[in-house]
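First comes the structure, then the notes that go with it.
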Amino acid sequence: MLRRVTGLVGRVVRMTRDRGLRVLLWKVTGRVAEALRPPGEAERQQIRMLVRYEDAVAVDWTTTPAWRAEPHTPTSGRLSTAWIMHPPGESSGGHQNIFRFIRFLEDAGHEATVYLYHAQDFPIDAGHLQRMIAESPSYPDVRAEFVAYDPRSGVAPGTDAIVATGWETAYPAYLDPSRARRLYFVQDFEPAFYPVGSEHVLAENTYRFGFHGVTAGRWLSGRLGSEYGMTAEPFSFGADVRHYSHEVRTARKDVFFYARPVTTRRGFELGVMALQILAERRPDITIHLAGWDVSSYDLPFRHVDHGAMKVTELNALYNRCGAALVLSLTNLSLLPLELLAAGVIPVVNAGDNNALVAENDFIEFCELSPRAMADRLVDVLDRPDLAEHASRASASVADASWEASGRQFVEIVTRALRG
């Protein structure tokens, strides 16, 4: 039994490092309990969700809460914001983007506090997580203090805005006794992360809470406004040119695939099908996989598995590749613009969820047919002017900086809080 528990803990540590605690913890807790249960003892099922059960029960979004009936209006130019979030992981892309925008607020002269929330029974070590973020090259430096969220005390007095950062955090944000205005930092359409059922509905309901949405791109703001009547304003995607640049100027023939089987919206299986066809047609091509450790998968083509990489390691890999396959079945991934900055031509599945977010002529939008995607990758690699095309692609995102997105974000927040 000890060996089973030890092995499980090891897998949890590796997964948490790469993905973060969000979603993983509630699944793993039940498995640990099962491994420790004495033989013959009857299993008792507990309702486990990403949100605390008692928080989901307490929210009645069909009524008008006090913070919406009599909202607090900031009285000074320096805004105090409380960001409620799930504990971040060392390589969690969604969290990295959240902290990027916290930094933009701080640089504009405002204050931020990070309140950590999860649905588990064990306490959150806020100090450890603050040190981890400070030491990680994947995260921007922030001055924000990290605190374990306590619903009994709520956010600090004088807070001007509470910012929900994921559907489960919208529940404690709604219930907090503060009259602070509510914002919702929306990076994806999270109901789609679940089959139709309770968590799908609970996630969907958060768009009806009356929060002011700040969304990653136009597709989300349009959908939340048209389907849920939510006030939502978008900021543009950017590329971090400090980390991604076009260095290898010759034509490159390797292919990159953003492989995350644990994140279903990244279409891992569809990508594998496309790459199998590509490898059969062009066995000379080296295919690189990164985003998750896929060494336990029996993949039908020769490949190099890079696992979860640090931000500082990616540019060297990108500069070995001429084309990339990046699938996103909900909101656009951050990768296409980063790849373009490094001179890689991304093949991305067609649809408003992607095209409305990144309107760039160098992205190859393609239907979700494995053969069509393989054909498009070959078309890119066989361009006689691939080296020059890659240079033009990199130049196309030279001005698409996150700093410009940050200015948009600060303007949206300031306007929403003073309205």
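Numbers for residues simply follow the sequence, beginning at 1. Note: hydrogens, waters and symmetry copies are ignored here, and every other heavy atom, side chains too, is used.
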Problem - salt bridge (charged side-chain N to carboxylate O under 4.0 Å, His left out) between Glu367 and Arg376, worked out - result: CA-CA 10 Å; Glu367 297 301 328; Arg376 190 64 61 88; over 6 Å; no

Is there a side-chain contact between [X] and [Y] (heavy atoms, below 4.5 Å)?
{"X": "Leu381", "Y": "Ile285", "result": "yes"}
{"X": "Asp361", "Y": "Ser396", "result": "no"}
{"X": "Ile363", "Y": "Val347", "result": "no"}
{"X": "Val348", "Y": "Leu332", "result": "yes"}

Any donor-acceptor N/O pair, [X] side chain to [Y] backbone, under 3.5 Å:
{"X": "Asn319", "Y": "Ser245", "value": "yes"}
{"X": "His95", "Y": "His86", "value": "yes"}
{"X": "Thr169", "Y": "Thr165", "value": "yes"}
{"X": "Ser221", "Y": "Arg218", "value": "yes"}
{"X": "His110", "Y": "Leu105", "value": "no"}
{"X": "Arg383", "Y": "Asp379", "value": "no"}
{"X": "Ser328", "Y": "Asn331", "value": "yes"}
{"X": "His128", "Y": "Ala126", "value": "no"}
{"X": "Thr414", "Y": "Glu411", "value": "no"}
{"X": "Arg103", "Y": "Asp141", "value": "yes"}

Exercise for the section: Output every pair passing ring pair (Phe, Tyr, Trp, His ring centres under 6.0 Å) with a member in residues 348-378, not counting sequence neighbours, ordered by first then second residue. Expected result: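 For residues 348-378: Phe362-His389.
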
Problem - Listed partners of Gln276 passing side-chain hydrogen bond (donor to acceptor under 3.5 Å, both in side chains), at least two apart - result: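 For Gln276, the residues satisfying side-chain hydrogen bond (donor to acceptor under 3.5 Å, both in side chains) (neighbours in sequence not counted) are Glu280.
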
Handout entry: side-chain hydrogen bond (donor to acceptor under 3.5 Å, both in side chains) partners for His288, two or more places apart
Key =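 Partners of His288 by the side-chain hydrogen bond (donor to acceptor under 3.5 Å, both in side chains) criterion, ordered by chain and then number, come out as Asp254, His306.
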
Problem - Passing candidate, side chain to side chain contact (heavy atoms under 4.5 Å, CB included) with Phe237, options Asn360, Asn97, Leu334 - result: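 It is Leu334, the one option of Asn360, Asn97, Leu334 that forms the side chain to side chain contact (heavy atoms under 4.5 Å, CB included) with Phe237.
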
Practice task
Just do the side-chain contact (heavy atoms from CB on, under 4.5 Å) check on Tyr318 and Phe256 with the steps written out, would you?
Solution key: CA-CA 7 Å; Tyr318 289 170; Phe256 173 84; 3.9 Å; yes

Practice task
Begin with the C-alpha distance, continue with both residues' side-chain angles, and end with the deciding distance and a verdict on ring-ring contact (aromatic ring centres under 6.0 Å, His included) for Phe104 and Phe409.
Solution key: CA-CA 8 Å; Phe104 289 139; Phe409 174 76; 7.8 Å; no

Decide if the gap between the ring center of [X] and the ring center of [Y] is smaller than 6.0 angstrom.
{"X": "Tyr174", "Y": "Trp67", "value": "yes"}
{"X": "Phe211", "Y": "Tyr171", "value": "no"}
{"X": "Tyr297", "Y": "Phe268", "value": "yes"}

Handout entry: Parallel, tilted or perpendicular: rings of Phe101 and Phe185 (30°, 60°)
Key =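 Phe185 vs Phe101 ring planes: tilted.
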
Quick test of your reading of the model: are [X] and [Y] salt-bridged, counting only N-O distances below 4.0 Å?
{"X": "Glu168", "Y": "Arg52", "value": "no"}
{"X": "Asp375", "Y": "Arg371", "value": "no"}
{"X": "Arg100", "Y": "Glu403", "value": "no"}
{"X": "Asp293", "Y": "Arg260", "value": "no"}
{"X": "Asp160", "Y": "Arg418", "value": "no"}

Practice task
Cation-pi check, Arg223 to Phe189: give yes when NZ or CZ is under 6.0 Å from the six-membered ring centre and within 45° of the ring axis, no otherwise.
Solution key: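 Yes; both conditions hold, so Arg223 lies above the ring face of Phe189.
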
Handout entry: Any side-chain donor near an acceptor of the partner, Tyr184 and Thr206, under 3.5 Å
Key =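 Indeed, the side chains of Tyr184 and Thr206 share at least one donor-acceptor pair under 3.5 Å.
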
Problem - Criterion salt bridge (charged side-chain N to carboxylate O under 4.0 Å, His left out) on Glu90 and Lys310, from CA distance to verdict - result: CA-CA 9 Å; Glu90 190 174 348; Lys310 294 180 180 179; 5.1 Å; no

Handout entry: Rounded distance (nearest 0.5 Å) linking atom CG of Asn349 with atom CG of Leu368
Key =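 Reported value, rounded in 0.5 Å steps: 4.5 Å.
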
